[in-house]
Visitor: 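Quick one: structure below, then a few questions.
Only this structure's heavy atoms are used, side chains among them; waters, hydrogens and symmetry mates stay out.
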Amino acid sequence: MKKSLLVLSLLVLIIPAFAQKYTITPLPYKEDAKFTNVQDLTDQFDYALLKTDPRTDRTNKVFHYIKSNQDGSNAADIWVFYPNPYRSESFKIYQQTKDDFDLVCADYDSNFQAHQMIGYLINKKYKRTENAVSQLDDNIIHLSVGNKKKDDVVNGIIPSYNLNFDFTDLNSMIPFLKNKEADFTFGFNNLYVPSKAVIAKSSVGLIGKVEMYVGKTVCRYTGKVTYKNRECFVYDIIVEGYENLSGKIYVDTSDYTVVEINTEHCGNPLFNSFKFTLVEEFSLTPEEWQNFWQEKIKNHSKK
């Protein structure tokens, strides 16, 4: 169980063996989002803000979050490090495990989405094992998991972001929104968990797809509020591929830090909802960052 929790926390790690071991709860979205033309919505963002607004540059910054269900259960510590504005490295520790840890490295492109993500499992001796790779070619994501499974996902909107990546890709691009006091739109990707009818037709149930494009997502700007002692921009999350589910994003107005994302959507079937809450932020060099997560492994393994 411990191993499976960690494996599922990477980008695309539902595999046939998992289907045989656990009861799969279908996620509440349509089988496939339908679209006729790919929408390019990259003009909502602009990397030129790095030159005009220093608050957009997260170089050498670390953001510590707690990911959990909305009730706080199934919690994990996540530290997101930016060696430069175009790369994030997310290190994750599930609080109930001691032996395995996750590191997901993402590189962002001119379309304001990750053109490559590599997920590693790390053991308590700091050895990395590449476990999942996602590469973007135009609007198609090519996925591989442990060299055993491959999948292609066609996005209906550029950029598209992944909830099972803890929305770190969305989090990383929010500083580059041209107008933070307006609605913005992106594509929504998530793990593929088939319907009960699809599962019933297969003894394994999860053969065929790893990830799916869920549909268009609108973050509707609702104004500013004081939240967790910070003035925040607030957005309601509306996903066309989900029914009667909602969420919110809180972004600090002073430095564009994502203070919290909470939704009724779940990133994988081991969660019933999603809550991503900021704990602290600080600065490290790349060398200090590597020493930092190694020390976290060392201390956590002693518990």
Side-chain angles (χ1 to χ4, degrees), residues 40-67 78-90 104 106-115 117 136 155 157-190 216-228 230-239 246-263 265 267 274-281:
D40 185 346
L41 302 180
T42 55
D43 62 355
Q44 301 172 107
F45 304 85
D46 192 354
Y47 282 131
L49 291 173
L50 285 165
K51 298 179 179 179
T52 60
D53 188 345
R55 295 173 295 177
T56 62
D57 190 351
R58 292 176 168 177
T59 299
N60 291 339
K61 291 184 179 179
V62 180
F63 299 87
H64 177 198
Y65 290 92
I66 296 292
K67 173 189 175 180
I78 300 174
W79 291 268
V80 184
F81 172 65
Y82 293 91
N84 61 63
Y86 313 106
R87 180 179 173 87
S88 66
E89 299 181 6
S90 301
V104 181
D107 295 295
Y108 302 97
D109 62 13
S110 58
N111 289 323
F112 302 93
Q113 58 190 357
H115 68 86
M117 284 193 279
L136 186 67
N155 289 329
I157 291 177
I158 302 172
S160 286
Y161 302 120
N162 195 297
L163 178 57
N164 198 54
F165 183 39
D166 308 321
F167 265 157
T168 301
D169 43 5
L170 168 63
N171 188 339
S172 300
M173 295 297 103
I174 279 179
F176 304 113
L177 282 168
K178 292 179 182 177
N179 186 354
K180 297 174 181 64
E181 296 184 57
D183 299 353
F184 66 97
T185 301
F186 57 89
F188 189 107
N189 293 331
N190 206 353
K216 181 173 72 175
T217 298
V218 176
C219 286
R220 184 165 296 161
Y221 178 68
T222 61
K224 299 177 184 178
V225 300
T226 299
Y227 188 70
K228 297 184 182 297
R230 296 172 179 247
E231 183 184 63
C232 294
F233 302 120
V234 185
Y235 309 88
D236 285 339
I237 305 171
I238 303 168
V239 186
S246 61
K248 288 186 180 295
I249 301 177
Y250 297 87
V251 178
D252 192 314
T253 61
S254 66
D255 60 4
Y256 314 140
T257 297
V258 173
V259 175
E260 184 172 292
I261 303 175
N262 64 74
T263 79
H265 321 304
F274 178 83
K275 188 175 182 180
F276 196 66
T277 304
L278 182 70
V279 178
E280 61 179 337
E281 52 191 287

Visitor: How about Y221 and F184: are their ring centroids closer than 6.0 Å?
Guide: no

Visitor: Would you say the side chain of L170 lies within less than 4.5 Å of the side chain of I249, judging by non-hydrogen atoms?
Guide: yes

Visitor: Given 3.5 Å as the limit, does a donor-acceptor pair link the side chain of D40 with the main chain of T42, or not?
Guide: yes

Visitor: Distance only, no hydrogens: is a donor on one side chain within 3.5 Å (strictly under) of an acceptor on the other, for Y227 and E260?
Guide: yes

Visitor: Cation over ring, R58 on F81, under 6.0 Å and within 45°?
Guide: no

Visitor: Can you sort out the partners of K248 under salt bridge (Lys or Arg N to Asp or Glu O under 4.0 Å), two or more places apart, ordered by chain and number?
Guide: D236

Visitor: Under a 3.5 Å distance rule, please check whether T222 uses its side chain to pair with a backbone N or O of V234 as donor and acceptor.
Guide: yes

Visitor: Which word best sums up how the rings of Y161 and F45 line up, parallel for under 30°, tilted for 30 to 60°, or perpendicular for over 60°?
Guide: perpendicular

Visitor: Between Y47 and F112, is the ring centre distance below 6.0 Å?
Guide: yes

Visitor: I need the minimum non-hydrogen distance between I78 and F276, along with the two atoms involved.
Guide: CD1-CE1, 3.6 Å

Visitor: Would you sort out whether F176 and Y256 count as a ring-ring contact (aromatic ring centres under 6.0 Å, His included), showing the intermediate values?
Guide: CA-CA 9 Å; F176 304 113; Y256 314 140; 9.3 Å; no

Visitor: With ring centroids as reference points, do F188 and F167 lie under 6.0 angstrom apart?
Guide: yes

Visitor: In terms of the angle between their ring planes, are F233 and Y235 parallel, tilted or perpendicular, with boundaries placed at 30° and 60°?
Guide: tilted

Visitor: Quick one: pull up OG1 in T168 and CE in M117 and give me the separation to the nearest 0.5 Å.
Guide: 9.0 Å

Visitor: Report yes or no: do Y86 and S172 form a side-chain donor-acceptor pair below 3.5 Å?
Guide: no

Visitor: Identify, with sequence neighbours excluded, every residue that meets salt bridge (Lys or Arg N to Asp or Glu O under 4.0 Å) alongside E281.
Guide: R230

Visitor: Would you please say whether a donor-acceptor pair under 3.5 Å links the side chains of D57 and T59?
Guide: yes

Visitor: Nearest 0.5 Å, what's the CG-CG distance between D109 and L136?
Guide: 6.0 Å

Visitor: Go through the structure and list residues passing salt bridge (Lys or Arg N to Asp or Glu O under 4.0 Å) with D46, not counting sequence neighbours.
Guide: none

Visitor: Picking from D166, N164, N262, what satisfies side-chain contact (heavy atoms from CB on, under 4.5 Å) with F274?
Guide: D166

Visitor: Can you tell me how far the CG atom of L278 sits from the NE2 atom of H64, to the nearest 0.5 Å?
Guide: 9.0 Å

Visitor: Of all heavy-atom pairs between I237 and C219, which one has the smallest distance, and what is that distance?
Guide: CG1-SG, 4.3 Å

Visitor: With a cut-off of 6.0 Å (strictly less than), are more than 12 heavy atoms of other residues, nucleotides or ligands near CZ of R55?
Guide: yes

Visitor: Where do E89 and P83 come nearest, in terms of heavy atoms and distance?
Guide: OE2-CG, 4.0 Å

Visitor: Is there a side chain to side chain donor-acceptor pair (under 3.5 Å) between S88 and Y108 once you walk through the steps?
Guide: CA-CA 8 Å; S88 66; Y108 302 97; 2.8 Å; yes

Visitor: What distance separates F186 CZ from Q44 CD, expressed to the nearest 0.5 Å?
Guide: 9.5 Å

Visitor: How about N190 and N162: does a side-chain donor come under 3.5 Å of a side-chain acceptor?
Guide: no

Visitor: Under 3.5 Å, is there a donor on one side chain and an acceptor on the other for E231 and T253?
Guide: yes

